[in-house]
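This one's a predicted model, so the numbers in the text were calculated from it and none came from an experiment. For the numbers below, each heavy atom of this structure counts, side chains included, while hydrogens, waters and symmetry mates do not. Chain letters run A, B, ... following the sequence lines, proteins first and then strands; every chain starts at 1.
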2 protein chains.
Amino acid sequence: MTDSKGSRGRAAAGKRQRLMAAAARVVHRQGADRTTIADIARAADVPVGNVYYYFKTKDELVAAALGEHARQLELLTGRLDRLPDPRERLKDLVEAWVGQRDLAARYGCPTGTLAVELDKRPEGGLDVEAGKVIRLLLDWVERQFRELGLPDPDELALTLVGAYQGMSLLANALRDPGVMLRQGARLTGWLDSLPGGTRL
Amino acid sequence: MTDSKGSRGRAAAGKRQRLMAAAARVVHRQGADRTTIADIARAADVPVGNVYYYFKTKDELVAAALGEHARQLELLTGRLDRLPDPRERLKDLVEAWVGQRDLAARYGCPTGTLAVELDKRPEGGLDVEAGKVIRLLLDWVERQFRELGLPDPDELALTLVGAYQGMSLLANALRDPGVMLRQGARLTGWLDSLPGGTRL
DNA sequence: GTCTATACGGAGATAGAC
DNA sequence: GTCTATCTCCGTATAGAC
């Protein structure tokens, strides 16, 4: 009953999907703690009480928001993977970050800021999940550096992703998208300056 | 009445100071939203209801926590200013960050994570204050780069502080102090590689 | 499956005794 | 100045009608 193919199931799936998307959006802007179930329901255009039919607890909604961010990330890296040159992939990644500069200057990196918030909770909950999403990005970046044949690809990945998280945080704290623009350009230059070539 | 010199005033000032210190400590670990007045009162060993004699609202306590972090920062830069070489000052700053790696791996940078949280609030409140504290650090670092006679000292400051914020966030999300250790070493190497010398 | 009304708990803030 | 008791609001979660 209520499978994802029936007409009711489709409507249900639609609402569920809307709730997940809304959770991702609203939690990014307000933070998990300050976001109420009512906020998410309103943003998803779903009646408040109905939410609990799809998600048993608020934390499940926060986890869903995190999942949405992971999905977006995989969508992006999936597109980048179609480029032949790993260096170009990384440069396009930086470009994508810079393209989000206005949102970042107002609310920070969606995954990064959520990770910061969840890490303040007592261990044994969602805190680990946020780390996993960041690991996802870290691993993908590391793979690109490895393909370029560079030494310590894992350290290089930490440097690149760290720089992104740092510039997002500063752009956010200073409310200045220009920080993303200028530091992004610096990162692009750094990527260009690195030795290494595709091994094919 | 109740000036800071009288015996009662001294007791009061002591409690106030204890509350500020406790607020800084607890808010760093739990985040501002998840921290209750009771949490801070307990940590400061002050009866709950008494807190409102010293701080009219919870936000005043959060602001006080921010002020404590600013004070700590000025204490540190004050010590570093005694070193003759600006490059040494910056390297010692990095060393100080690395020295805090265990705390950073568990709870992140006190100021950075608080800024992230406050930036999720509707504008016109404490969100700007957090930016000011980060500006304090940024300006001090910029001054060092300028003393070294390097071009774009403001951009270099964003790079260095951004790298610190980024590595703190990653160390925190991955729960790995080693990130601070290794990325800190990278930063030290970077500082050494920069041209420029003291102009005296 | 959908939605309303409400129970429940927790946290910020206040009144007022000491 | 110090502290207890309590008021009040708000958000999560549930019960149960439709």
Visitor: Using the side chain to side chain contact (heavy atoms under 4.5 Å, CB included) criterion, which residues pair with B:I40? Sequence neighbours excluded.
Guide: B:L19, B:A22, B:A23, B:T35, B:L61

Visitor: Linking directly or through intermediates, with side-chain heavy atoms under 4.5 Å: list the remaining ILVMFWY members grouped with B:V62, chain and number order.
Guide: B:V27, B:L66, B:L114, B:L118, B:L126, B:V133

Visitor: Apply side-chain hydrogen bond (donor to acceptor under 3.5 Å, both in side chains) to A:T36 and list each qualifying residue two or more places apart in sequence or on a separate chain.
Guide: A:D39

Visitor: Nearest whole Å is fine: how far is D:dA13 P from A:Y52 OH?
Guide: 4 Å

Visitor: Between the protein and nucleotides 16-18 of chain D, which nitrogen or oxygen pairs come in under 3.5 angstrom?
Guide:
none

Visitor: So if I take residues 56-63 of chain B and measure heavy-atom distances to DNA chain D, which residues fall below 4.0 Å?
Guide: none

Visitor: Separation of A:L19 atom CG from C:dT2 atom C1', in whole Å?
Guide: 13 Å

Visitor: Whole angstroms only, please: what is the CZ-P distance between A:F55 and D:dT14?
Guide: 16 Å

Visitor: Could you tell me which residues satisfy side-chain hydrogen bond (donor to acceptor under 3.5 Å, both in side chains) with A:E117, sequence neighbours excluded, listed by chain and number?
Guide: none

Visitor: Can a salt bridge be assigned to the pair B:E142 and B:R146 using a cut-off of 4.0 Å between side-chain N and carboxylate O?
Guide: yes

Visitor: Output all residues satisfying side chain to side chain contact (heavy atoms under 4.5 Å, CB included) with A:R186, sequence neighbours left out; order by chain, then residue number.
Guide: A:Q183, B:T159

Visitor: Between B:Y53 (OH) and C:dA13 (P), how many Å, whole number?
Guide: 19 Å

Visitor: B:W140: which residues meet the ring pair (Phe, Tyr, Trp, His ring centres under 6.0 Å) condition with it, sequence neighbours left out?
Guide: none

Visitor: Under the side-chain hydrogen bond (donor to acceptor under 3.5 Å, both in side chains) test, which residues partner B:D59, sequence neighbours left out?
Guide: B:R121

Visitor: Tell me which residues in residues 35-50 of chain B put a heavy atom below 4.0 Å from DNA chain D, sorted by number, or none.
Guide: B:P47, B:G49, B:N50

Visitor: Which salt bridge (charged side-chain N to carboxylate O under 4.0 Å, His left out) pairs, counting each pair once, include a residue from residues 98-108 of chain A, with sequence neighbours left out?
Guide: A:R106-B:E123

Visitor: Test of understanding: with side-chain hydrogen bond (donor to acceptor under 3.5 Å, both in side chains), list the residues that count as partners of B:K58, not counting sequence neighbours.
Guide: none

